[in-house]
Amino acid sequence: MAYEFIQVRTEGGKVGVITLNRPKQLNALNNELMDELGAAMKAFDADAAIGCMVLTGSEKAFAAGADIGAMASYTFADVYKGDYITRNWETIRTIRKPVIAAVSGFAPGGGCELAMMCDFIIAADNAKFGQPEIKLGIIPGAGGTQRLPRAVGKAKAMDLALTGRMMDATEAERAGLVSRIVPLDKLMDEALGAALMICDYSQLAVLAAKESINRAFESGLADGVMFERRLFHALFATADQKEGMDAFVNKRKAQFKHQ
Ligand code: DAK
């Protein structure tokens with residue numbers, strides 16, 4: 001499928017790589033781009049050869065937030081009736097395979113929210129995150145007030161959302177928003193290395209790990225642990241569990257068949 005606002009490729013035949021591609025607007029997110037992103041992610045999710053995805057932008061901007069020009073004249077009736085954001089921005093929440101955000105440059109507003117919808121964020125040392133919507137007379141609308149405090153705690157989430165200030169990669173890593181920081185020129189190597197590593201594990205275990213960790217944000221501790229325990233038990237029914245443990249016992253590399 002041909003896309004206008006994103007570029008799509010595979011790495012090693014196993015990793016789906018999606019690059020946001022609206023360079024003149026610093027990858028500002030409009031409806032058309034989000035439709036394309038959702039379609040590309042769904043296609044990779046359905047492709048048996050793909051084990052993991054990497055979502056990235058340009059060196060200067062992961063995404064400079066929602067497209068302000070496109071939003072400027074929206075009325076309440078437009079966004080409410082059109083189900084703005086919910087209709088197509090949240091497709092990524094339905095994706096079962098892991099999605100790594102490889103973030104360099106600006107990631108304010110919807111850019112930060114999009115990165116937070118991914119499973120983890122690897123940041124270049126020039127990355128900048130924030131929720132500056134307050135400066136536009138609005139608040140974060142794609143999960144920023146919910147995912148940011150879960151990631152960095154109330155104090156820093158309030159600070160960022162109420163002052164509109166940006167935080168650099170070092171602060172973001174210290175706060176728990178990003179998992180690793182690497183030099184800008186190593187960003188894609190690092191993200192693709194992590195993705196290829198994930199692809200070589202049992203896909204059943206990978207899906208279960210993602211599902212179980214996400215459950216931690218939707219349930220109380222006892223229910224979450226029970227959910228984990230049931231998935232853990234279920235994995236003993238897979239050939240990959242037998243293979244993984246046999247390989248360890250016999251000091252060889254496991255060859256998972258995702259069964
Ligand atoms: N939208 C549209 N165009 C943008 C843009 C954006 N968010 N960000 C940058 N651009 C455009 C600029 O207008 C400029 O275009 P030209 O003037 O060249 O035509 C070009 O990209 C380059 O930008 P700058 O010249 O400003 O570049 P600088 O390096 O000087 O500054 C910057 C980079 C990222 C600091 C700056 O561009 C900036 O502050 N951008 C806006 C960042 C921002 O406020 N983002 C948050 C957007 S609000 C909702 C749900 C969610 C949301 C809203 C509603 N509902 C449920 C209703 C989400 C809202 C947001 O994300």
Side-chain angles (χ1 to χ4, degrees), residues 1 3 6-21 36-57 62 91-104 114-124 127 173 177-217 227-228 231-259:
M1 181 172 167
Y3 297 109
I6 60 173
Q7 292 172 342
V8 171
R9 68 181 178 88
T10 58
E11 179 78 18
K14 301 179 195 175
V15 179
V17 182
I18 302 172
T19 306
L20 304 175
N21 187 35
E36 291 187 3
L37 181 59
M41 284 192 167
K42 278 178 153 177
F44 280 139
D45 214 31
D47 183 341
I50 298 297
C52 190
M53 291 168 231
V54 172
L55 175 63
T56 194
F62 175 70
T91 307
I92 185 169
R93 289 179 58 196
T94 68
I95 300 301
R96 298 187 67 210
K97 292 172 184 168
V99 182
I100 301 171
V103 176
S104 46
L114 178 60
M116 289 192 291
M117 285 184 216
C118 298
D119 296 310
F120 63 97
I121 302 172
I122 299 180
E173 188 196 31
L177 181 66
V178 315
S179 67
R180 321 175 188 182
I181 306 176
V182 293
L184 176 57
D185 62 350
K186 299 280 183 304
L187 178 65
M188 283 313 283
D189 288 348
E190 188 80 7
L192 292 171
L196 286 164
M197 182 181 281
I198 291 168
C199 290
D200 283 345
Y201 296 132
S202 165
Q203 197 173 94
L204 297 165
V206 165
L207 295 179
K210 170 169 172 166
E211 207 173 0
S212 195
I213 290 174
N214 280 335
R215 189 71 169 212
F217 297 99
F227 185 82
E228 174 199 88
L231 284 176
F232 174 77
H233 289 160
L235 290 170
F236 282 80
T238 68
D240 283 345
Q241 174 267 331
K242 301 289 174 289
E243 167 64 10
M245 294 193 181
D246 184 74
F248 178 83
V249 169
N250 291 299
K251 302 190 187 308
R252 62 176 176 82
K253 188 175 177 344
Q255 301 292 332
F256 294 112
K257 297 204 165 61
H258 314 303
Q259 289 171 353

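Along the sequence shown, residues are numbered consecutively beginning with 1. Because the structure is predicted, anything quoted here is derived from the model rather than measured. Values below: all heavy atoms of this structure, side chains included; hydrogens, waters and symmetry mates excluded.
- Within the model, atoms CD1 of I100 and CG of D119 stand 8.5 Å from one another, a figure rounded to the nearest 0.5 Å.
- Atom CE of M117 is separated from atom CD1 of I95 by 12.0 Å, given to the nearest 0.5 angstrom.
- Not counting sequence neighbours, the partners of D200 by the salt bridge (Lys or Arg N to Asp or Glu O under 4.0 Å) test are K14.
- D240 and Q203 get closest at one heavy-atom pair: OD2-N, 4.4 Å.
- Between the K97 side chain and the D47 main chain, a donor and an acceptor come within less than 3.5 Å of each other.
- Of the possible polar contacts, none joining the T19 side chain to the G57 backbone as a donor-acceptor pair under 3.5 Å is found.
- The closest side-chain heavy-atom distance from V15 to I50 is not below 4.5 Å.
- From D45, atom CG reaches atom OG1 of T94 across 7.0 Å, with rounding to the nearest 0.5 Å.
- In this structure, F232 places its CZ atom where only 12 or fewer heavy-atom neighbours from other residues, nucleotides or ligands lie under 6.0 Å away.
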One pair to check against side chain to side chain contact (heavy atoms under 4.5 Å, CB included): F256 and L204. What are the steps and the verdict?
CA-CA 10 Å; F256 294 112; L204 297 165; over 6 Å; no
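- Interatomic distance, CE of M245 versus CZ of F236, reported as 4.5 Å (0.5 Å rounding).
- The line from OG of S212 to CG of L207 is 12.0 Å long, rounded to the nearest 0.5 Å.
- With N250 contributing its side chain and R252 its backbone, the two residues share no donor-acceptor pair below 3.5 Å.
- Between A191 and I122, the closest heavy-atom pair is CA-CD1, 3.9 Å.
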Determine whether V99 and M41 satisfy the following criterion, side chain to side chain contact (heavy atoms under 4.5 Å, CB included), listing intermediate values before the conclusion.
CA-CA 9 Å; V99 182; M41 284 192 167; 3.8 Å; yes
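- Of the charged side-chain nitrogens involved, none lies within less than 4.0 Å of a carboxylate oxygen, so that E243 and K253 do not count as a salt-bridged pair.
- For the atom pair CG (L37) and OH (Y3), the distance works out to 9.0 Å, reported to the nearest 0.5 Å.
- Residues A102 and V54 share a closest heavy-atom pair of CB-CG1, 4.0 Å.
- Of all the heavy atoms in Y201 and H258, the pair that sits closest is O-CE1, 3.0 Å.
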Walk me through it: do E190 and R180 pass the test salt bridge (Lys or Arg N to Asp or Glu O under 4.0 Å)?
CA-CA 9 Å; E190 188 80 7; R180 321 175 188 182; 2.9 Å; yes
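- The minimum heavy-atom distance between A208 and L231, with the atom names listed, is O-CD1, 3.7 Å.
- Considering L187, D185, V182 as possible partners of S104, the one that fulfils the side-chain contact (heavy atoms from CB on, under 4.5 Å) test is L187.
- Tested against V17 for a side-chain contact (heavy atoms from CB on, under 4.5 Å), the candidates Q7, M53, M188 yield a single pass: M188.
- F120 and S179 make their closest contact through CD1-OG, 3.3 Å (heavy atoms, listed as atom of the first residue, atom of the second, distance).
- Atom NZ of K257 has 12 or fewer neighbouring heavy atoms from other residues, nucleotides or ligands inside a 6.0 Å radius.
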